[in-house]
Amino acid sequence: MGGVSRGDLADFLRRRREALRPDPARGRRARRTPGLRREEVAELAGMSVSYHERLEQARAPRPSPEVLAALGTALRLTAAEREHLARLAGQVPPAPDTAHAGVPADARRLLDRLGPIPAYLVGERQDIVAWNAAAAALITRFDLLPAEDRNTVRLSIRLGGTVCSAPAGAEGEFARQSAAQLRAASARHPADRVIGELVNEFAAHSADFAAGWRDHDVRPISTLRKHLRHPELGELELDSQTLLLPGTDLRLVMYTAEPGSPSAAALAQL
């Protein structure tokens, strides 16, 4: 399949099949492998077992949109996972490179109008491309960093466990979310060398990231709870919320605190 990774497609299909719980009515026989069997998925998708087997072994021709739709139903894929599957199968053209497209003026105005709410904009590579004064005061002087270090993945390696950490029970959530975002970006930009470098860099640093990448975790972005240690404001408990800006590939990341909490009072001092 020209421009398409048979291996990534096969790995995604196999991992999604293995992640499914079998129907109790089908699960009475002992199972040597996790999840559903290949023949069970083939039956649910209305295809031959041999073709499904070739797909999982990276030996099949490019699947049609109809086959992808049937597989999406059989594997109970989310909307994000269906889009990812279509990209892996080459049914969606690679996205244009927007890494150097610049930040729209209205997006910059939005950052400024957020006032005391720390916020920044990230691109698909997780580069921080714009920020407001509150974000610089809360996290770091982004303008003093080399351009290649203004990246949420690289900052997490540098600041994780010191300036920023996860609360008990949420360890590894940021790493897995980053894996999901970069996995989706790699499908949209399969020839992007920088994304590959970031993946290798973070996978070597974080077992949670490596696991999320290996599992093809492309779940939608969620709100993350974070603990920050600020040199002047002390310990802060904040929520990191991410919104996609319509019409762009940019995401707005905002840090907020529970109203009336000590962290909210501290944020107001920024």
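Every heavy atom of this structure was used, including side-chain atoms; hydrogens, water molecules and symmetry mates were not.
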Query - Side-chain (Arg62) to main-chain (Gly90) donor-acceptor, under 3.5 angstrom - result: yes
Query raised in the report: Under the side-chain contact (heavy atoms from CB on, under 4.5 Å) criterion, do Val253 and Leu243 qualify, and how do the steps go?
Result: CA-CA 7 Å; Val253 181; Leu243 301 174; over 6 Å; no
Query raised in the report: What distance do Leu77 atom CG and Arg16 atom CZ have between them, rounded to the nearest 0.5 Å?
Result: 7.0 Å
Query raised in the report: Is a salt bridge present between Glu18 and Arg15, judged by a nitrogen-to-oxygen distance below 4.0 Å?
Result: no
**Report entry** Ala45 to Ala70 - nearest heavy-atom pair and separation
**Finding:** O-CB, 3.4 Å
Query raised in the report: With a 4.5 Å heavy-atom cut-off, do Asp143 and Trp131 have their side chains touching?
Result: yes
Query raised in the report: Between Trp213 and Val199, is any pair of side-chain heavy atoms under 4.5 Å apart?
Result: yes
Report summary line: CG of Asn151 to CZ of Phe202, rounded to nearest 0.5 Å, is 9.5 Å
Requested in this report: Under the side-chain hydrogen bond (donor to acceptor under 3.5 Å, both in side chains) rule, collect the residues that match up with Gln57, sequence neighbours excluded.
Outcome: Arg59
Requested in this report: Could you verify whether a donor N or O on one side chain and an acceptor N or O on the other, from Thr256 and Gln241, lie under 3.5 Å apart?
Outcome: yes
Requested in this report: Answer yes when Glu56 and Arg14 have at least one side-chain N-carboxylate O distance shorter than 4.0 Å, and no when they do not.
Outcome: no
Requested in this report: Kindly compute the distance separating CD1 (Ile195) from OG (Ser186), expressed to the nearest 0.5 Å.
Outcome: 6.5 Å
Report task. Would you mind reporting whether Asp149 and Leu155 have side-chain heavy atoms less than 4.5 Å apart? Result -> no
Requested in this report: Please check if the side chain of Glu40 supplies one atom and the backbone of Arg37 the other of a donor-acceptor pair under 3.5 Å.
Outcome: yes
Query - Heavy-atom pair of closest approach, residues Leu145 and Arg150 - result: O-NH1, 2.8 Å
Query raised in the report: Going by the angle between their ring planes, with limits at 30° and 60°, are His84 and Phe12 parallel, tilted or perpendicular?
Result: perpendicular
Requested in this report: Look at the side chain of Asp192 and the backbone N and O of Val194, then say whether any donor-acceptor pair between them is shorter than 3.5 Å.
Outcome: yes
Query raised in the report: Tell me, do Leu270 and Pro116 make a side-chain contact under 4.5 Å, heavy atoms counted?
Result: no
Query raised in the report: If you measure from CG on Leu20 to CG on Leu36, what distance do you get to the nearest 0.5 Å?
Result: 5.0 Å
Requested in this report: Would you please test Arg17 and His52 for side-chain contact (heavy atoms from CB on, under 4.5 Å) and show each step?
Outcome: CA-CA 11 Å; Arg17 173 176 61 80; His52 183 261; 4.0 Å; yes
Query raised in the report: Would you say the side-chain atoms of Arg183 pair up with the backbone N or O of Val218, donor to acceptor, closer than 3.5 Å?
Result: no
Query raised in the report: Within the distance-only criterion (no hydrogens, no angle test), does the side chain of His230 pair as donor or acceptor with the backbone N or O of Ile139 below 3.5 angstrom?
Result: no
Query - Residues in side chain to side chain contact (heavy atoms under 4.5 Å, CB included) contact with Glu237, at least two apart in sequence or another chain - result: Arg225, His227, Ser263
Query raised in the report: Salt-bridged, Arg214 to Asp11, with N to O below 4.0 Å?
Result: no
Query raised in the report: Is there a side-chain contact between Phe174 and Asp208, using heavy atoms and a 4.5 Å cut-off?
Result: no
Requested in this report: Compare all side-chain heavy atoms of Val122 with those of Gln181 and state whether any distance is below 4.5 angstrom.
Outcome: no
Report summary line: Shortest non-hydrogen pair, Tyr255 vs Ser240, comes out as CE2-CB, 4.0 Å
Query - Distance (rounded to the nearest 0.5 Å) between Leu13 CG and Leu85 CG - result: 6.0 Å
Query raised in the report: Any side-chain heavy-atom pair from Leu245 and Leu121 closer than 4.5 angstrom?
Result: yes
**Report entry** Heavy-atom donor-acceptor pair, Thr140 side chain to Ala136 backbone, under 3.5 Å
**Finding:** no
**Report entry** Trace of the side-chain contact (heavy atoms from CB on, under 4.5 Å) decision for Leu75 with Leu44
**Finding:** CA-CA 9 Å; Leu75 295 172; Leu44 290 170; over 6 Å; no
Query - Heavy-atom check, side chain of Val129 versus side chain of Leu250, under 4.5 Å - result: yes
Report task. Would you kindly say whether Ser48 and Arg54 are connected by a side-chain donor-acceptor distance under 3.5 Å? Result -> no
Query raised in the report: So, for Ala119 and Ala135, which heavy atoms are closest and what is the spacing to 0.1 Å?
Result: O-CB, 3.4 Å
Query - Residues, nucleotides or ligands: over 12 heavy atoms within 6.0 Å of Glu148 CD - result: yes
Report summary line: Rounded to the nearest 0.5 Å, the CD atom of Glu258 sits from the CG atom of Leu238 at a distance of 11.5 Å
Requested in this report: Output, in order, the C-alpha distance, side-chain angles, deciding distance and verdict of side-chain contact (heavy atoms from CB on, under 4.5 Å) for Ile117 and Leu267.
Outcome: CA-CA 8 Å; Ile117 299 176; Leu267 273 188; over 6 Å; no
Query - Salt bridge present between Asp215 and Arg176 (N-O < 4.0 angstrom) - result: yes
Query raised in the report: Which heavy-atom pair separates Arg6 from Ala60 by the least distance, and what is that distance?
Result: NE-O, 3.2 Å
Query raised in the report: Closest approach of Gly115 and Ala134, non-hydrogen atoms and distance?
Result: O-CB, 3.7 Å
Query raised in the report: Is Arg251 reaching over with its side chain to a backbone N or O of Gly123, donor-acceptor style, under 3.5 angstrom?
Result: no
Query raised in the report: So, the side chain of Asp239 versus the backbone of Ala257: is there a donor-acceptor pair under 3.5 Å, distance only?
Result: no
